[in-house]
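Structure first, commentary second.
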Amino acid sequence: MYDYLKGQIAELTPTTVVIECGGVGYDAIISLQTYENLTGKSEGKIYIYHYIREDEQQFYGFATKEERELFKLIISAV
């Protein structure tokens, strides 16, 4: 399992970030809290939740481990 991504911020919007690590750009869905944490920085670190389904794979990125744990609790209740 992936724990975090750390590298150059290639793209940043209020809902997504692309972080380049080792020449590969990883796209992750982020919260507004994470967006605010990354705004104005050229490099960043996000904690990752790798969501895998039969027809889809997606990274969700969070500024803190606590935010990621809250996300896990929310999606486990669904």
Side-chain angles (χ1 to χ4, degrees):
M1 179 174 182
Y2 299 97
D3 188 45
Y4 65 88
L5 296 173
K6 183 177 180 180
Q8 183 176 347
I9 298 171
E11 295 178 30
L12 180 63
T13 72
T15 57
T16 62
V17 64
V18 176
I19 294 191
E20 185 178 332
C21 304
V24 177
Y26 294 92
D27 180 32
I29 296 171
I30 58 172
S31 67
L32 287 174
Q33 179 179 345
T34 300
Y35 172 74
E36 289 176 3
N37 184 273
L38 296 174
T39 299
K41 297 180 181 177
S42 60
E43 292 192 0
K45 177 179 178 179
I46 56 171
Y47 295 93
I48 290 297
Y49 179 80
H50 190 190
Y51 178 76
I52 302 173
R53 274 192 359 192
E54 191 174 291
D55 60 342
E56 177 183 19
Q57 288 192 40
Q58 183 63 54
F59 284 128
Y60 290 86
F62 306 94
T64 65
K65 286 185 177 185
E66 293 78 15
E67 187 181 7
R68 180 177 63 185
E69 290 307 312
L70 179 60
F71 176 79
K72 287 180 182 180
L73 285 173
I74 291 169
I75 64 169
S76 69
V78 175

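Excluded from the calculations below are hydrogen atoms, water molecules and symmetry mates; all remaining heavy atoms, backbone and side chain alike, are included. Note that the numbering runs from 1 along the sequence shown for the chain.
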To the nearest 0.5 Å, atom OG1 of Thr39 lies from atom CG of Leu32 at 9.5 Å

Does a donor on one side chain sit under 3.5 Å from an acceptor on the other, for Glu67 and Ser31?
yes

Apply side-chain contact (heavy atoms from CB on, under 4.5 Å) to residues Ile30 and Thr15 and explain how you reach the verdict.
CA-CA 5 Å; Ile30 58 172; Thr15 57; 5.6 Å; no

For Ile19 versus Gly7, what's the shortest heavy-atom pair and its separation?
CG2-N, 3.6 Å

Any link between Ile29 and Ile75 through a network of hydrophobic side chains (Ile, Leu, Val, Met, Phe, Trp, Tyr) touching at under 4.5 Å?
yes

Check for a donor-acceptor pair, side chain of Thr16 on one end and backbone N or O of Thr13 on the other, with a separation under 3.5 Å.
no

Donor-acceptor pair, distance only, cut-off 3.5 Å: does the side chain of Thr34 make one with the backbone of Ala63?
yes

Taking side chain as C-beta onward, heavy atoms only, is Glu56 less than 4.5 Å from Tyr51?
yes

When you group the ILVMFWY residues by side-chain heavy-atom contacts below 4.5 Å and let the links chain together, are Val24 and Leu12 in the same group?
yes

The single option from Phe71, Tyr4, Tyr49, Tyr47 that satisfies ring-ring contact (aromatic ring centres under 6.0 Å, His included) with Phe62 is Phe71

At their closest point, which heavy atom of Arg68 faces which heavy atom of Tyr2, and how far apart are they?
NH1-O, 4.4 Å

Between CD of Gln8 and OG of Ser42, what distance do you get to the nearest 0.5 Å?
7.0 Å

State plainly whether one hydrophobic cluster holds both Val17 and Tyr26, where clusters connect Ile, Leu, Val, Met, Phe, Trp and Tyr through side-chain heavy atoms under 4.5 angstrom apart.
yes

Residue pair Glu43, Ile9: steps toward the side-chain contact (heavy atoms from CB on, under 4.5 Å) verdict:
CA-CA 5 Å; Glu43 292 192 0; Ile9 298 171; 5.7 Å; no

Here the pair of heavy atoms bringing Gly61 nearest to Ala28 is N-CB, 4.0 Å

With rounding to the nearest 0.5 angstrom, report the CD1 to NZ distance, Ile46 to Lys6.
13.0 Å

Would you give the length of the straight line joining atom CG of Asp27 to atom CG of Leu5, rounded to the nearest 0.5 angstrom?
10.5 Å

Are Ile48 and Leu38 connected into the same hydrophobic cluster when the rule is that any two of I, L, V, M, F, W, Y join if their side-chain heavy atoms are below 4.5 Å apart?
yes

Lys65 atom NZ: more than 12 heavy-atom contacts under 6.0 Å:
no

